[in-house]
Amino acid sequence: MKQAFGILLIIGALSALSGCNKGGAGASPASGPTLLTVNGENISWEQLSQHLAKKPTIRVSTQSGVVEANVAEPLDFQALQDLIGQKVIMQLAKDENVFPTSAEVNTELEFRKRLNPTYLKSLIASGIKFETVKENLALELAREKLLTKGITVTAKEADDYIKNNPTQFMDPASADLLWVFVKAEADKAKVNSEIASGQSFAPIAARYSQYPNAAEQGGKFPQRVISQMRKELQDVIIATPIGRVSKWLALSDGFAIFYVEKKTPAKPVTLDADKKELVRRSIARTRGEQATDLGKKVLDKIKASQIKVNDAALAELWKRAAENLAKQGNQTGGQPTTANPPSANPTTANPGTSGG
C-alpha cells in the first residue's frame, strides 16, 4: 500500500504513508512496560521491539521524496550484522595497536563540539545516551585510525588543498521562502484573490495552505539551500525577485506558490583551525581508502572469528550468511564495514555519531 505525493518531489523527505503490515502494535496483546496508550489501550515497549525487528518495510529518502521500500533482510538481522562489523573493527584496532584511548575520545568529543556547538545536546535530545555517543566516537576513531595508519598529511597540504579548490568551501546560495500548497484550481483562485487584495503573504499561507502544519510553521518553506531544491523550483525562485510572489508551480497532487523573502548568494566559508583540521583529516582518510582495503580486512577477520548467535532465528540467518561469505569471500549480506568518512568540505560534513 504505497501512495506518492507530488509535493514530496519538491521538498523532499518530510512524510509518507506506512505500508500494509500484518505485524505491529495490534498483532498481539500488550505486555511489559507501557510505551504509550491509544484511546486508553496500551502499546508496550516489547511490542515496539518485536514490530521493529520484523518490520517488512521502511521509509527512505530519495530525490523524489520519501518512499516506502521493502527491506532486503529482517531489520534485526541487519542490525546484528552491523554490530558484528562494529565489534570486529574495534578488535582490528586492538590488533593493529591503534585502538582509541579514553583521552582521544574525549579530545574528539571536544573537537566536534567546537565544530558544532549543538552537537552533543542534539544527540542527547534525540534519546542517545552520553556513553553511547562516546562509544560511537570510539568506533569512528577506530575506523579512521585503521584507514590512516602510516599516512601523514600536513597542515600545509590542507592549506594548499583549500587554496586550490575554492568552490568546495562555499556557503551555498539560499532563499527564505513562504509558500501555499493547494490541491484544486478553485483553491488557487481564492489565494490569488487574497494576494491581489494586498494582504501580507504569511497570513494567507497560514489560512489557505493545505500542507500539514502550515499555520504552525507560519507558512515558511522548510528548505533554504537552492541547490537542494528540485530543478523546477530552483527555476521559479531564480526568476522571482525578492519581495514578490512567484507563478504557480504545478505538482502531481496540487499546486504551490511562493513568496521570496530573501535571497543569499553563495559566499566563501571562513575556515578556522578546527575546520582546516577537518579538511586535513578528510584528505588523510581519502588516501587511506586508496591504500587500504578496510572492508576486506574486516571481512577476513569476520570469517576467521568464532561468532555464536543465541537467538534461534537469527542464528539460522547468520549461519547462511556466513556460508555465503565463506563461498564468495567479498560480502556479508550487509554493510557493517563502511567507513563513510565526512566530506572534505566542512560546510557539508556532518561529524556525528551513528546513534548507537
Side-chain angles (χ1 to χ4, degrees), residues 76-113 115 119-120 123-124 128-154 274 277-278 280-311 314-315 317-319 321-342 349-356:
D76 55 354
F77 183 56
Q78 292 187 43
L80 177 141
Q81 294 173 86
D82 290 344
L83 292 172
I84 289 173
Q86 291 169 13
K87 183 64 72 176
V88 166
I89 285 174
M90 299 303 281
Q91 292 173 353
L92 271 175
K94 290 180 180 178
D95 295 344
E96 299 194 17
N97 297 315
V98 293
F99 191 84
T101 65
S102 295
E104 287 173 325
V105 172
N106 290 333
T107 297
E108 182 69 10
L109 176 60
E110 294 305 313
F111 175 68
R112 297 193 183 203
K113 285 164 63 178
L115 287 170
Y119 168 78
L120 183 58
L123 290 172
I124 292 176
I128 300 173
K129 295 179 180 179
F130 178 67
E131 285 307 312
T132 302
V133 173
K134 295 181 71 173
E135 289 169 3
N136 289 334
L137 283 177
L139 174 64
E140 293 183 24
L141 281 175
R143 285 186 178 128
E144 182 171 349
K145 287 160 72 87
L146 284 166
L147 278 170
T148 60
K149 183 179 179 180
I151 293 175
T152 299
V153 177
T154 66
D274 286 327
E277 171 61 10
L278 190 65
R280 188 198 66 76
R281 287 171 57 175
S282 185
I283 295 171
R285 281 193 297 271
T286 299
R287 292 183 184 175
E289 289 173 338
Q290 295 169 349
T292 301
D293 190 343
L294 180 57
K296 184 177 184 304
K297 283 187 176 183
V298 173
L299 292 173
D300 286 345
K301 187 167 181 65
I302 288 175
K303 287 191 291 181
S305 298
Q306 296 294 322
I307 298 174
K308 180 182 179 181
V309 181
N310 293 326
D311 180 89
L314 291 175
L317 289 171
W318 177 251
K319 178 182 176 183
E323 289 172 350
N324 290 334
L325 176 61
K327 292 176 184 177
Q328 300 174 13
N330 61 2
Q331 63 181 13
T332 64
Q335 296 181 347
T337 63
T338 304
N340 194 27
N350 180 21
T353 70
S354 62

Going by the rule side chain to side chain contact (heavy atoms under 4.5 Å, CB included), which residues pair with [X] if we only count those two or more places apart in sequence or in a different chain?
| X | result |
| --- | --- |
| N106 | K134 |
| T292 | K297 |
| T101 | A103, E104 |
| K129 | T132 |

Using the salt bridge (Lys or Arg N to Asp or Glu O under 4.0 Å) criterion, which residues pair with K87? Sequence neighbours excluded.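 None.
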Does D274 have any salt bridge (Lys or Arg N to Asp or Glu O under 4.0 Å) partners at least two apart in sequence or in another chain, and if so, which?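 Listed in chain order: R114.
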For [X] and [Y], which heavy atoms make the closest approach, and how far apart are they?
| X | Y | answer |
| --- | --- | --- |
| Q86 | L139 | CG-CD2, 3.4 Å |
| A315 | V309 | CB-O, 3.5 Å |
| A93 | A142 | CB-CB, 3.9 Å |
| D95 | K301 | OD2-NZ, 3.0 Å |
| V298 | G85 | CG1-O, 4.4 Å |

With rounding to the nearest 0.5 angstrom, report the [atom1] to [atom2] distance, [X] to [Y].
| X | Y | atom1 | atom2 | result |
| --- | --- | --- | --- | --- |
| L80 | W318 | CG | CH2 | 7.0 Å |
| L294 | R143 | CG | CZ | 8.0 Å |
| N136 | E108 | CG | CD | 12.5 Å |
| L325 | I302 | CG | CD1 | 7.0 Å |
| L141 | I89 | CG | CD1 | 12.5 Å |
| E144 | L137 | CD | CG | 11.0 Å |

Donor-acceptor pair, distance only, cut-off 3.5 Å: does the side chain of S282 make one with the backbone of L278?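 Such a contact is absent between S282 side chain and L278 backbone.
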Any heavy-atom pair between the side chains of L109 and F130 that's under 4.5 Å?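 Of all side-chain heavy-atom pairs linking L109 with F130, at least one is under 4.5 Å.
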Report yes if some heavy atom in the side chain of K303 is under 4.5 Å from a heavy atom in the side chain of D300; otherwise report no.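 Contact flag for K303/D300 side chains = yes.
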Quick one: do E323 and K327 make a salt bridge, cutoff under 4.0 Å?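 Looking at E323 and K327, the cut-off is not met.
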Check ion pair R280-E277 (N to O, under 4.0 angstrom):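 A salt bridge is present here (some side-chain N lies under 4.0 Å from a carboxylate O).
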Answer yes or no: does atom NZ of K149 have more than 12 heavy-atom neighbours from other residues, nucleotides or ligands under 6.0 Å?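 Above 12, so yes.
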Give a yes/no verdict on a cation-pi contact between K94 and F99, requiring under 6.0 Å between NZ or CZ and the six-membered ring centre and an angle within 45° of the axis.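 Judged by the rule (NZ or CZ under 6.0 Å from the ring centre, within 45° of its axis), K94 counts as positioned above F99.
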Testing R112, R281, K145 one by one against E140 for a salt bridge (Lys or Arg N to Asp or Glu O under 4.0 Å), which residue passes?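 Only match with E140 under salt bridge (Lys or Arg N to Asp or Glu O under 4.0 Å): R112.
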